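Reviewing the structure listed below.
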Amino acid sequence: MTQLRSRQSTSALDQFFRITERGSSLGREVRGGITTFVAMSYIVLLNPLILGASADITGAKLSIAEITTATALAAGVMTVLMGLVGNAPLALAAGLGVNGVVAFQMAPTMTWAQAFGLVVLEGLCIVVMAASGVRERIINAIPEPLKIAITVGIGLYIALVGLVSAGFVTRTPDAVGSTVPVRMGLDGHLSGWPIVIFCLGLLLMIVLMARGVPGAVLISIVVATVVAVVVNSVFTIKGWGLVTPSLPSSVVSSPDFGLFGRVDLFGGFVSAGVIAATIFLFTLVLSGFFDAMGTITSVSDEAGLTRDGRVEGMGKILMVDGAGAIAGGVTGSAPNTVFLESAAGVGEGARTGLASVVTGGLFLVALLFTPLATVVPAQAAAPALVVIGGLMMTQIRRIPWHETDFTIPVFLTVAIIPFTYSITNGIGAGLVSYVVLRVCKGRWPGWLMTGLALMFAVYFGVDVITGK
């Protein structure tokens with residue numbers, strides 16, 4: 001009887017999430033969900049550091065405990081919702097980059113409640129665009145070569161993020177005589193146990209994946225973490241970055257929901273002024289729109305969820321993504337959006353929303369066990385980003401390099417995404433150059449593409465327009 005109920009339960013999950021139909025299995029979905037959580041759990045630590053580093057117009061700062069709770073809560077709820085509604089292996093959390101806009105550009109000109117109010121308005125704008133079908137039409141209007149270029153550019157971006165977070169690549173200090181913007185290690189050379197852990201995890205992951213070992217990504221992260229904890233306990237090493245691999249003194253902590261619901265929707269237009277607040281809102285919408293578009297398209301393509309260049313269930317996915325921005329404002333965690341690290345779970349075999357339910361569930365559990373997030377160092381999780389970035393790069397073979405309409409726009413998209421650490425910048429550069437080329441060759445690109453190009457032209461020139 002127990003086995004029968006188990007089979008019925010598994011069958012119900014299979015039918016709801018279409019696991020077998022998508023060529024996956026329960027084990028692969030669970031592993032994928034865990035892997036995605038491990039790869040992006042750093043956001044629970046990083047988001048509080050970013051939002052907590054700035055003060056609003058009144059001089060008030062946010063509590064680290066409050067931001068940590070808000071970050072885990074929003075990520076957990078919205079990722080579960082993505083799994084149940086969008087049925088896609090896409091996880092959401094406070095967006096990097098856009099949280100910096102909230103902290104360092106918006107907050108100094110208004111109160112925190114007003115800043116989060118603009119975040120809610122951003123989400124409402126994106127939801128309306130998704131519900132009306134405008135957002136999906138825009139995505140479908142972008143030529144296939146540019147969509148592929150976005151995937152390739154994001155692959156490079158993911159790999160670069162992994163290399164930088166591990167300390168394998170570092171920024172060269174601004175100094176006279178400096179010839180390169182980045183360098184290997186801290187001084188042009190690789191040294192220290194953290195780098196050894198990263199290289200160990202990367203090589204192990206490559207070997208396991210090459211041999212087709214199930215759970216290769218997750219196994220590598222766990223092994224690297226265990227080795228890091230042991231090494232750190234023996235030698236007491238510095239230079240790990242945000243997370244030092246040591247067992248926490250306390251496993252359980254109480255969540256602090258102090259930021260929940262502290263929202264002033266329209267006060268920002270009074271404090272910062274209508275023009276400034278409108279520009280802030282425009283920046284949030286544009287970044288949230290195209291960052292998510294690029295991530296959703298590329299990760300879904302990697303998961304085999306695209307048909308004729310269109311993502312399966314895109315309408316529902318976009319609705320949840322828009323709701324994520326609203327949730328970010330309501331909880332006080334900054335706009336939530338689809339995370340690039342979802343690709344780590346896809347690389348582990350995730351193909352359905354069940355993986356997202358697992359990831360979201362772990363974020364909700366993290367509300368009580370946030371000290372455990374301090375165990376996995378970046379050097380143990382970063383290899384997953386490098387490997388998955390490399391896999392996403394393989395899409396470059398599908399780009400028609402011989403077609404002059406796409407050669408330079410594709411290159412600009414691929415190059416600018418990692419070089420500027422911005423998906424939005426890369427997409428904008430590709431679209432603008434594509435439209436200019438088409439017009440100069442006497443080929444009308446269509447009103448939608450032309451409108452997007454003009455919008456990005458305003459986006460790139462907003463500082464000139466405002467006189468900054």
Side-chain angles (χ1 to χ4, degrees), residues 33 36-37 39-52 62-86 88 90-103 106-107 112-113 115-127 130 253-265 284-285 287-288 291-292 295-296 317-342 353 355-370 373:
T36 295
F37 172 76
M40 63 184 287
S41 60
Y42 68 86
I43 193 63
V44 178
L45 297 171
L46 184 56
N47 195 47
L49 292 179
I50 294 174
L51 292 182
L62 300 178
S63 160
I64 295 298
E66 290 177 337
I67 307 171
T68 301
T69 296
T71 303
L73 176 63
V77 171
M78 295 314 304
T79 301
V80 169
L81 193 62
M82 176 64 80
L84 296 176
V85 177
L90 301 168
L92 290 82
L96 291 175
V98 71
N99 59 359
V101 173
V102 174
M106 294 168 58
W112 284 110
F116 290 131
L118 283 181
V119 171
V120 172
L121 291 178
E122 174 220 344
L124 290 173
C125 291
I126 293 178
V127 166
S253 63
S254 300
D256 186 341
F257 297 98
L259 289 178
F260 191 88
R262 283 169 49 182
V263 174
D264 181 351
L265 285 179
L284 289 176
V285 171
S287 297
D291 272 21
T295 304
I296 291 169
I317 292 173
L318 294 178
M319 284 291 290
V320 176
D321 179 71
I326 297 175
V330 172
T331 59
S333 64
N336 275 230
T337 187
V338 175
F339 251 54
L340 288 171
E341 283 79 357
S342 301
S356 294
V357 172
V358 172
T359 302
L362 290 173
F363 269 114
L364 294 177
V365 171
L367 284 169
L368 297 175
F369 298 94
T370 49

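Fair warning: this is a prediction, and the values are worked out from it, not measured in the lab.
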Verdict with supporting geometry, Glu341 and Ile43, side chain to side chain contact (heavy atoms under 4.5 Å, CB included): CA-CA 11 Å; Glu341 283 79 357; Ile43 193 63; over 6 Å; no
Within the distance-only criterion (no hydrogens, no angle test), does the side chain of [X] pair as donor or acceptor with the backbone N or O of [Y] below 3.5 angstrom?
X      : Y      : answer
Asn336 : Ala334 : yes
Thr69  : Phe257 : no
Ser342 : Phe339 : yes

What distance separates [X] [atom1] from [Y] [atom2], expressed to the nearest 0.5 Å?
X      : Y      : atom1 : atom2 : value
Leu51  : Thr68  : CG    : OG1   : 10.0 Å
Thr331 : Ile326 : OG1   : CD1   : 11.5 Å
Leu259 : Glu66  : CG    : CD    : 4.0 Å
Leu368 : Ser254 : CG    : OG    : 8.0 Å

Do Leu118 and Met106 have side chains that get closer than 4.5 Å, going by heavy atoms? yes
Beyond-backbone contact of Asp321 with Thr337, side-chain heavy atoms, under 4.5 angstrom: yes
Which pair of heavy atoms, one from [X] and one from [Y], lies closest together, and at what distance?
X      : Y      : result
Val102 : Phe116 : CG1-CE2, 4.4 Å
Gly117 : Leu265 : O-CD2, 3.7 Å
Leu284 : Pro335 : CD2-CG, 4.4 Å
Gly322 : Ile126 : CA-CG2, 3.6 Å

Let me check something: any side-chain donor-acceptor pairs from residues 70-80 under 3.5 Å, sequence neighbours excluded? List them with distances.
| unit_1 | atom_1 | unit_2 | atom_2 | d |
| --- | --- | --- | --- | --- |
| Thr71 | OG1 | Asn47 | ND2 | 2.9 |
| Thr71 | OG1 | Ile67 | O | 2.7 |
| Thr79 | OG1 | Ala75 | O | 2.7 |
| Thr79 | OG1 | Leu92 | N | 3.0 |
| Thr79 | OG1 | Leu92 | O | 3.1 |

Go through it in stages, so that I can follow the logic: the residues are Leu362 and Thr36, the test is side chain to side chain contact (heavy atoms under 4.5 Å, CB included), and I'd like the CA-CA distance, side-chain angles, deciding distance and then a yes or no. CA-CA 10 Å; Leu362 290 173; Thr36 295; over 6 Å; no
